[in-house]
Visitor: 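Next up is a structure, given as structure tokens.
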Amino acid sequence: MTAYLITGAKIVGGEVADLLIDNGEIVAVGTNLDTPQDVETVDAKGLIALPGLVDLHTHLREPGREDAETVLTGTRAAALGGFTAVFAMANTDPVADTAGVVEQVWRLGREGGYADVYPIGAVTVGRLGTQLAELGAMADSAARVRVFSDDGDCVWDAALMRRALEYVKAFGGTIAQHAQEPRLTQGAQMNEGALSGVLGLTGWPSVAEEAIIARDILLNAHVGSKLHICHLSTKGSVEIVRAAKNRGLAVTAEVTPHHLLLTEDLAASYNPVFKVNPPLRTKEDVEAVREGLADGTIDIVATDHAPHPVEDKDCEWSAAAFGMLGLETALSVVQHAMIDTKLMTWADVADRMSYRPAAIGQAGDHGRPLEVGAPANVVLIDPAAERTVVPGESASLSRNTPFDGMTLPGKVVATFLRGTPTVLDGLCHLEERVAR
């Protein structure tokens, strides 16, 4: 394995230092380091070094919808976004509700090499919300599943949700809830409010999210397990989670990059690229989730990367699929919404996009500080760079980015996964391995 010397990087945005990587680990940090003769140098002057990012909420679509994404193409997009580990959601076809399916996804990730893939198992059989899936078998499988979610569907039955929380407690698992009361959101197309009335689109009320979050926090407090809230999007949800944390309850929450930046006003274009679940909310909601992320009420940023083929988005709004791409733009959006606004520092980004998601998902050797002895999962970012988002340049098989044509700050220059560069000079670096 080639040794790499990263020179002149700002470690998590702070002090400038060199990093020596060898045999998959960080073996030295500092200046004037003793290096092997055959070391390859990466000039990181002006760049920020962060621990490899971890995404707790990615849709890789394989098996079943390889026309939208595959594990290989999705993890390539992840590497270009600075991610070294992603958690693959269970809404595949067949659903990842058995040991066999989660092991298939896990092995595909190992074969690809761009990022570690941690499958998320479904909570219920077929994600139908009527019977618990094989949670124990998935936990004991080669994939060692520790997070379970019916994402895309809410576990709406309170008794079933309680049983799921009780079941995973035995092996330290987490239930990640898609908070959407289905009876309050039948036919919903966008955020419920004055604008939905003007546009003639059925509204998705904030209370449909907030009611499930409040219920599940109470259930989890009773059971004493671990609850994670997926893609929190409203001011009321932030307040509920904040109150729970003030009581010391075991709840964590995530926000997506698009909910940190975009608002419901974009629905006025009737462009289905802006159709997402939960929907884009109001400016007040955006300000609240930014504040919640900044003060730690919201634990992490998770992309909810949701690729779709052209035909599923290039149609009338009501027929279009919900979802947006997110892996390649996440860090830039966070820089724009949180760093450039002085709401967070790069050290905070390392916490919300690496340390905490790795801890919640129990992601092995990911989410470790950049120090001697740590696995060499490293991303180098140029914060001064700017780029205009062009869908056709994405590594994803899909093109449904809501940031099309936007100029965003920051660029991932290099990503290292256990000392192996998956991205160098802003380009994927494992083409030879992928070609085999």
Side-chain angles (χ1 to χ4, degrees), residues 55 57-71 73-74 77-78 86-96 105 120 122 126-129 149-154 156 176 178-182 184-192 196 199-204 208-209 230-231 233 254 256-259 261-264 266-281 302-330 389 391-392 394-404:
D55 186 19
H57 193 146
T58 303
H59 298 273
L60 295 179
R61 302 303 189 205
E62 189 177 12
R65 287 305 307 265
E66 290 86 353
D67 56 333
E69 196 76 283
T70 66
V71 172
T73 61
V86 297
F87 283 73
M89 278 295 174
N91 57 343
T92 51
D93 185 13
V95 172
V105 174
I120 289 179
R127 297 172 47 249
L128 298 175
S149 180
D150 277 359
D151 185 60
D153 289 296
C154 178
W156 59 269
H178 174 104
Q180 177 185 359
E181 167 51 61
L184 293 175
T185 56
Q186 289 182 5
Q189 298 290 313
M190 66 168 293
N191 182 54
E192 181 179 279
S196 64
L199 298 178
L201 296 173
T202 304
W204 200 120
E209 174 176 301
C230 296
H231 43 48
S233 69
E254 71 190 33
T256 71
H258 47 270
H259 285 114
L261 186 59
L262 307 178
T263 66
E264 64 171 1
L266 292 164
S269 69
Y270 290 102
N271 184 345
V273 76
F274 300 117
K275 184 179 179 182
V276 67
N277 185 349
L280 301 179
R281 303 289 190 180
T303 70
D304 194 9
H305 176 81
H308 292 290
V310 172
E311 60 270 21
D312 287 358
K313 278 292 193 179
D314 190 12
C315 56
E316 64 272 19
W317 181 284
S318 61
F322 292 95
M324 301 170 168
L325 299 184
L327 286 168
E328 292 174 77
T329 52
V389 178
S394 174
S396 171
L397 288 182
S398 297
R399 298 292 178 258
N400 54 305
T401 173
F403 307 110
D404 182 9

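What you see below is based on every heavy atom in this structure, not just the backbone, and it leaves out hydrogens, waters and symmetry mates. For clarity, every value in this text was computed on a predicted model and none was experimentally measured.
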Visitor: Answer yes or no: is there a side-chain heavy-atom contact under 4.5 Å between V105 and P63?
Guide: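 Side chain of V105 against side chain of P63, heavy atoms only: contact under 4.5 Å found.
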
Visitor: Could you pull out all residues at least two apart from D93 that satisfy side-chain hydrogen bond (donor to acceptor under 3.5 Å, both in side chains)?
Guide: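 Expected list: none.
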
Visitor: Can you list every salt bridge (charged side-chain N to carboxylate O under 4.0 Å, His left out) pair that touches residues 57-71, not counting sequence neighbours?
Guide: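 Qualifying pairs, neighbours excluded: R65-D67, R65-D312.
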
Visitor: Under the rule for side-chain contact (heavy atoms from CB on, under 4.5 Å), what residues qualify as partners of P182, not counting sequence neighbours?
Guide: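 With neighbours one apart ignored, the set is W156.
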
Visitor: Supply the atom-to-atom distance T58 OG1 to L327 CG, rounded to the nearest 0.5 angstrom.
Guide: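 Going from the OG1 atom of T58 to the CG atom of L327 covers 5.0 Å.
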
Visitor: S398: which residues meet the side-chain contact (heavy atoms from CB on, under 4.5 Å) condition with it, sequence neighbours left out?
Guide: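 A68, P307, L325, S396, N400.
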
Visitor: Using modelled atom types and a 3.5 Å cut-off, is there a donor and acceptor pairing between side-chain atoms of H178 and backbone atoms of C154?
Guide: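 Not confirmed, H178 side chain does not pair with C154 backbone.
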
Visitor: Grab the two heavy atoms, one from P257 and one from T303, that are nearest each other, plus how far apart they are.
Guide: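 So the two residues come closest at CD-CA, 3.8 Å.
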
Visitor: Not counting sequence neighbours, which residues clear salt bridge (Lys or Arg N to Asp or Glu O under 4.0 Å) with E209? List them please.
Guide: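 Checked E209 against salt bridge (Lys or Arg N to Asp or Glu O under 4.0 Å); matches are R281.
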
Visitor: Give me the atom names and distance for the closest heavy-atom approach of D404 to P391.
Guide: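 Closest approach of D404 to P391: OD1-CD, 3.1 Å.
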
Visitor: Check C230 against M89 and note the closest heavy-atom contact, atom names and distance.
Guide: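 C230 and M89 have their closest heavy atoms at SG-CE, 4.3 Å.
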
Visitor: Spell out, as yes or no, whether a donor-acceptor pair under 3.5 Å connects the side chain of K275 to the backbone of K313.
Guide: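 Checked: no pair found.
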
Visitor: Give a yes or no on whether the backbone of S394 and the side-chain of E328 come within a donor-acceptor separation of less than 3.5 Å.
Guide: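 No, the answer is negative, given that no donor and acceptor are paired below the 3.5 Å cut-off.
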
Visitor: Could you tell me which non-hydrogen atom of A179 sits nearest to which non-hydrogen atom of W204, and how far apart they are?
Guide: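 Looks like O-CH2, 3.7 Å.
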
Visitor: Check side-chain hydrogen bond (donor to acceptor under 3.5 Å, both in side chains) between H259 and all other residues, then give those that pass, not counting sequence neighbours.
Guide: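 If we apply the side-chain hydrogen bond (donor to acceptor under 3.5 Å, both in side chains) test to H259, skipping adjacent residues, the hits are T256.
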
Visitor: Could you go through D304 and D151, starting from their C-alpha distance and side-chain angles, then the distance that decides it, and tell me whether this counts as side chain to side chain contact (heavy atoms under 4.5 Å, CB included)?
Guide: CA-CA 10 Å; D304 194 9; D151 185 60; 4.2 Å; yes

Visitor: What closest approach, in Å, do I120 and S149 show between heavy atoms, and which atom pair accounts for it?
Guide: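 Smallest interatomic distance, heavy atoms only, reads CG2-N, 3.6 Å.
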
Visitor: Test M324 against every option in V273, N277, L280 by the side-chain contact (heavy atoms from CB on, under 4.5 Å) rule and name the one that passes.
Guide: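 With M324 as partner, V273, N277, L280 yield a single side-chain contact (heavy atoms from CB on, under 4.5 Å), made by L280.
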
Visitor: For the residue pair P402 and L262, establish whether any side-chain heavy-atom pair is separated by less than 4.5 Å.
Guide: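 Yes - at least one pair of side-chain heavy atoms lies under 4.5 Å apart.
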
Visitor: Using ring-ring contact (aromatic ring centres under 6.0 Å, His included) as the criterion, list what pairs up with H57, not counting sequence neighbours.
Guide: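 H57 satisfies ring-ring contact (aromatic ring centres under 6.0 Å, His included) with H59, H231 once adjacent residues are dropped.
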
Visitor: Can you list the residues that meet the side-chain contact (heavy atoms from CB on, under 4.5 Å) rule with V389, with sequence neighbours excluded?
Guide: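 Testing V389 for side-chain contact (heavy atoms from CB on, under 4.5 Å), a comparison that skips the adjacent residues, returns T329, T401, F403, L408.
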
Visitor: Mind checking side-chain hydrogen bond (donor to acceptor under 3.5 Å, both in side chains) for S196 and listing every partner two or more places apart, or none if nothing turns up?
Guide: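 None.
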
Visitor: Check side-chain contact (heavy atoms from CB on, under 4.5 Å) between A267 and all other residues, then give those that pass, not counting sequence neighbours.
Guide: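 Checked A267 against side-chain contact (heavy atoms from CB on, under 4.5 Å); matches are M190, L199, W317.
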
Visitor: Going by side-chain hydrogen bond (donor to acceptor under 3.5 Å, both in side chains), name the residues that satisfy it together with D150, two or more places apart in sequence or in a different chain.
Guide: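 With neighbours one apart ignored, the set is T124.
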
